[in-house]
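A short write-up of the structure that comes next.
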Amino acid sequence: MIKVGDTLPATTLMEFSEVEGNGCSIGPNPVDVAKATAGKTIALFALPGAFTPTCSAKHVPGYVEKFAELKAAGVDEIWCLSVNDAFVMGAWARDQKTGDKVRMLADGSAEFAKAAGLTLDLTARGMGVRSNRYSMLVKDGKVASLNVEGPGKFEVSDAATLLAQAKG
């Protein structure tokens with residue numbers, strides 16, 4: 001499993017964009033993790049799936065709510081990763097009203113989750129291999145803090161915990 005001090009996996013995530021502009025075409029666009037994190041502080045959180053109960057009711061809303069505080073603590077961007085396709089992540093972004101606050105990034109084939117050693121096997125529940133629920137503070141592509149949840153838990157990957165770490 002990835003640990004504090006490690007560099008994020010050199011993978012590509014996908015991001016849905018509904019509006020053309022800022023160099024983005026309409027539709028899924030690749031996000032090179034190494035390039036996108038270079039020189040930035042990223043509040044990254046990941047979860048098992050879009051539109052799932054805890055993820056929709058608590059996880060994403062917490063980061064949307066704490067956006068201004070995270071920015072004030074030096075966070076440049078907030079990323080939400082899930083093993084879903086970019087179209088699902090785009091629809092979930094609309095549903096959660098993430099706007100310019102949280103980048104909803106698709107790890108469609110779980111390549112990032114696998115490379116980071118943070119997978120969750122939900123095959124028995126018909127969901128396949130997913131991402132574990134966690135958060136991390138990333139500084140210039142390296143893990144500065146990591147908070148991995150136990151099975152079925154939502155105790156340490158919330159926005160308040162990561163905000164405290166960003167302030168520290």
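If you read the sequence from its start, that first residue is 1, and numbering goes on from there.
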### Message
Quick one, Ile2 with Leu146, criterion side chain to side chain contact (heavy atoms under 4.5 Å, CB included). Give me CA distance, side-chain angles, the key distance, then yes/no.
### Response
CA-CA 9 Å; Ile2 199 167; Leu146 177 62; 4.1 Å; yes
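- Judged purely by atom type and a 3.5 angstrom limit, Asp85 has no side-chain atom pairing as donor or acceptor with the backbone of Gly108.
- Listed here is the closest heavy atom pair of Lys114 and Ser109: NZ-O, 3.5 Å.
- A side-chain donor-acceptor contact under 3.5 Å links Glu149 and Ser157.
- Legend: residues meeting salt bridge (Lys or Arg N to Asp or Glu O under 4.0 Å) with Lys66, ordered by chain and number and at least two apart, are Glu69.
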### Query
Where do Phe112 and Val83 land on the side chain to side chain contact (heavy atoms under 4.5 Å, CB included) test, with the steps shown first?
CA-CA 9 Å; Phe112 184 94; Val83 180; over 6 Å; no
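- Sequence neighbours left out, the pairs with a member in residues 30-43 that pass salt bridge (charged side-chain N to carboxylate O under 4.0 Å, His left out) are Lys40-Glu77.
- Heavy-atom minimum distance, Leu162 versus Leu137: CD1-N, 3.7 Å.
- Between the side chains of Glu155 and Asn147, no donor-acceptor pair of N or O atoms lies under 3.5 Å.
- A donor-acceptor pair shorter than 3.5 Å cannot be found between the side chains of Thr41 and Lys139.
- Partners of Asp6 according to the salt bridge (Lys or Arg N to Asp or Glu O under 4.0 Å) rule, which considers only residues two or more places apart in sequence or in another chain, are Lys3.
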### Message
Run Tyr63 and Phe45 through ring pair (Phe, Tyr, Trp, His ring centres under 6.0 Å) and show every step you take.
### Response
CA-CA 9 Å; Tyr63 281 90; Phe45 67 104; 3.9 Å; yes
